[in-house]
Amino acid sequence: MKRFLICLLLLLAPLRAEVSEEKLQSIYPTIDQYIEKGMKDWDVKAVAFGVVHHDRLVYFKGFGTRSPHDPIPPDVNTTFAIGSTTKAYAAATLAQVIDDGKLKWDTRVIDVLPSFRMYDPWVTREFRVADLLAQHTGMAPYVVTSMGCLGYSEDDLIDSMRYLEPVTSFRTTFAYVNVPHMVAGRMVARLSGEPNWEAFLQKRLLTPLGMTRTTWTPEAFNREPNRAVGWVTLDFRSVPRPAGSFPYSFGPAGALNSCVNDVSHWVRLQLADGKFEGKQLVSKANLDVTKTPQTTMSLTVAYCMGWVKLWKPHPITWHNGGTPGHRTFVGLMPDEDLGVIVLTNNGASDLSDAVGLRFFDLATDMGNEDYSALSLARAQQANAEVKAALQPPAGAAPPRPWSEYAGTYRSDFLGDILITPTGGLKLLRTGAEGVLKPYDGDVMTAYGTTPWVLDNGCDLLGRWTFARDNMGRYASLRCELGWEGSGCVSIARRI
C-alpha cells in the first residue's frame, strides 16, 4: 500500500524539466520586456534585476535611471533600501545565537528580556523566541508602523506593545507587524555581548558574506553616490525624496540598504543551507527552522520567520520589502538551486513582487499570470477608496472653533500632543508637526507637515477624534495613527 501511494503521488505531481542555464537564457528577453512595461505602468524609475543559479550570479540587468539628476541605469552595486527582506537576516542571526547554545527557539522572551511586556499578562509569560518572527502576535496588522515614521525611538516602539489591545487571540491569526523583530534584535545583542543587533549582523553575516556595500542607516543611504533615489507617494503623487527615519527606526524589521551583488551572496547562503564559499555560517537545522511554516495565511501560503512559503504549484520561499521610496523582492526555489532579486525605487509599486513571481513561472513553465496587471488594478482601487474616504460625508457637521480643542493631551505611548488654537498639532516627544482638517464635527483628518516626516512618505496620519467630558469640555483625543484598521489607537487625556 505504501509503495502504491508513493507511485500515485508521483503520477499526480506536476511534471516539469529541471531549470537549466539554457532555459534561463531563453526567458531573459521576456522578463526584460515585462519589467520595462511594468516600469511604465507603475511609474518606476529604476529596477535592478538579478538571478542566482548554482551558487553564482548568472544574470544581471539594470533598467531606467538611478536619480532625476543621474541618467545612468543602476548597476550590480547600486544601493536600494531593501526594507522587510531584512527580517530574514534577523531570523538568521537568531539561528546563529541558537547555534552558539545561548538560546532555544522555545525560550520564553521574558527569561532573556525581563522588561518585555505585551498587553495580556498571559501572552507576556508565554511569548517564545519563535513567536517574535512568526507574525501571529494577536496585534492588528501594521500596528505602530506610523510611529516609526514620526520619529519615535526604539524604546518607544518596543514599549508601545504593552498598551496595544489585541484584535485576535495569540498564535491564531496572521497579522504583519514590525516591532517584535526589534525585540529579537535586542535579544541577539544581549546574548552575544554586542552593543546592538547591527554589530552582530556585521560580524557574523555581512563581513563573512562579503556584503561590503550593505548598510542600515538613512545617512549611509543618502551619502552613497551609487544609489537609486527613492520615490515616495505624497497626495497620491510620486516625488523623489531622501531616505527618512522609516524603516530604519525598526532596525531588524527593515533597516538594510543593499545592492544586487551583495544580496546575491545572501541568496547563495540560503540556497546552500547556511554555507558560503566552504564555510558554514549558520547550521542547516536552524536555518531550516526560519523557513518552516509557522502561521497559515491561506491554503497555499504560510508565513515562516522572515520568509513566506508559497506553493503555486512549484514551492518557492520569498519575502518582499517596502519602504516609502523602494520595493524589493527576494525569492528562492531551493529545488532548482535558483534565486531571484528585484530591487525598485518606488515605494508605492508592487512591480518587484510581480517580476519575481513572473520569473519563477517562466522558469518552470507553470503559469501565465500577469501579476503586475492584477496588482495595479488592486492598487488603483485602493487609492480610489482612500481618496473617497478622505472626502467629508454628505451633510458633515462643521467643527467647533479651534480654540475649544486647543491644549495639551497626554497619551501613554505617544507622549504629549499639543493642539494649537489654529488647528495645528505637534508630537512633543519627537517634534513632528502637522495640521488637522475638518472631516465631520469633532472628527478630523490629521496630516503631517514636518519635512522629515514627509521624507517618510507620511503626509496622511489618520483620523483623530475629540470627545467632551460631562461638563461639555473637550477632555480627550482619540488618535488613530495610520488608516482605519491599523490598530494603533491611543486615547490621549487633556492635561
Side-chain angles (χ1 to χ4, degrees), residues 79-87 89-90 93 113 116 132-133 137 139-164 176-189 195-202 214-223 230 232 241-258 306 321-328 347 411 413-415 417 426-434 448 450-462 479 481-482 486-488 490:
T79 300
F80 294 71
I82 65 171
S84 287
T85 61
T86 302
K87 290 178 170 67
Y89 295 78
T93 58
L113 301 173
F116 172 78
L132 289 170
L133 308 183
T137 63
M139 295 189 292
Y142 300 101
V143 69
V144 309
T145 296
S146 292
M147 287 180 68
C149 299
L150 295 170
Y152 286 92
S153 69
E154 178 182 296
D155 287 342
D156 292 331
L157 293 167
I158 291 176
D159 192 55
S160 70
M161 291 195 293
R162 70 183 63 203
Y163 301 110
L164 297 169
Y176 194 83
V177 294
N178 289 304
V179 183
H181 297 74
M182 302 170 71
V183 178
R186 283 195 170 182
M187 186 176 293
V188 167
N196 49 52
W197 175 75
E198 291 82 3
F200 183 92
L201 176 75
Q202 182 75 69
T214 300
T215 59
W216 50 82
T217 67
E219 294 80 12
F221 181 85
N222 289 331
R223 66 172 174 257
V232 305
R241 304 291 276 197
S245 61
F246 179 81
Y248 302 97
S249 51
F250 285 98
L256 292 184
N257 310 307
S258 198
T323 75
H326 297 84
R327 285 296 294 266
T328 300
S411 159
F413 61 94
L414 296 179
I417 303 167
K426 185 172 184 178
L427 303 172
L428 298 183
R429 188 177 294 174
T430 70
E433 296 184 352
T450 306
W452 56 263
V453 172
L454 298 180
D455 291 344
N456 291 319
C458 198
D459 57 334
L460 178 61
L461 301 183
C479 304
L481 288 179
S486 73
C488 188
S490 177

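Along the sequence shown, the residues carry numbers beginning at 1.
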Considering only heavy atoms from C-beta outward, does the side chain of Met182 approach that of Trp197 to under 4.5 Å?
no
If you define the side chain from C-beta out and look only at heavy atoms, does anything of Val143 sit under 4.5 Å from Thr137?
no
Taken to the nearest 0.5 Å, the spacing of Tyr152 OH from Leu414 CG works out to 4.5 Å
Do Tyr176 and Ser84 have side chains that get closer than 4.5 Å, going by heavy atoms?
yes
Apply side-chain contact (heavy atoms from CB on, under 4.5 Å) to the pair Thr145 and Asn178, showing each step before the final yes or no.
CA-CA 7 Å; Thr145 296; Asn178 289 304; 3.5 Å; yes
Taking every non-hydrogen atom, the tightest pair across Leu150 and Leu427:
CD1-CD1, 3.8 Å
How long is the span from the CG atom in Leu256 to the OG1 atom in Thr328, to the nearest 0.5 Å?
10.5 Å
Is the shortest side-chain heavy-atom distance between Lys426 and Ile417 below 4.5 Å?
no
Could you walk me through whether Lys87 and Leu133 pass the side-chain contact (heavy atoms from CB on, under 4.5 Å) test, one step at a time?
CA-CA 8 Å; Lys87 290 178 170 67; Leu133 308 183; over 6 Å; no
Pairs in or reaching into residues 177-186: which pass salt bridge (Lys or Arg N to Asp or Glu O under 4.0 Å), with residues at least two apart or in two chains?
Glu154-Arg186, Asp155-Arg186
Only one of Tyr142, Phe413, Tyr163 passes side-chain contact (heavy atoms from CB on, under 4.5 Å) with Cys488, and that residue is Phe413
I need the Leu481 CG to Ser146 OG distance, nearest 0.5 Å.
5.5 Å
So, for Gly448 and Leu461, which heavy atoms are closest and what is the spacing to 0.1 Å?
N-CG, 3.5 Å
For residues Ile158 and Val183, determine if any side-chain heavy atom of one lies less than 4.5 Å from a side-chain heavy atom of the other.
yes
Side chains of Thr217 and Glu198: does their closest heavy-atom pair fall under 4.5 Å?
no
Of the non-hydrogen atoms in Ser249 and Gly148, which two are nearest, and what is the gap between them?
OG-O, 3.2 Å
If we only count heavy atoms from C-beta on, is the Leu132 to His181 side-chain gap below 4.5 Å?
no
For Val179 versus Leu157, what's the shortest heavy-atom pair and its separation?
CG1-O, 3.4 Å
Please check this pair: side chain of Asn456 against backbone of Ser245, looking for a donor-acceptor N/O pair closer than 3.5 Å.
yes
Atom pair CH2 (Trp216) and OG1 (Thr86), whose distance is rounded to the nearest 0.5 Å
11.5 Å
Step by step, work out the side-chain contact (heavy atoms from CB on, under 4.5 Å) result for Leu164 and Val144.
CA-CA 9 Å; Leu164 297 169; Val144 309; 3.4 Å; yes
Phe246 CZ to Thr323 OG1 distance, which is reported to the nearest 0.5 Å:
7.5 Å
Quick one: are His326 and Ile82 in side-chain contact, heavy atoms under 4.5 Å?
no
Which atom of Phe221 lies closest to which atom of Asn257, heavy atoms considered:
CB-ND2, 3.7 Å
Looking only at heavy atoms, the pair that brings Pro324 and Pro247 closest together is CD-CD, 4.4 Å
Rounding to 0.5 Å, atoms CZ (Arg241) and CH2 (Trp452) come to a distance of 13.0 Å
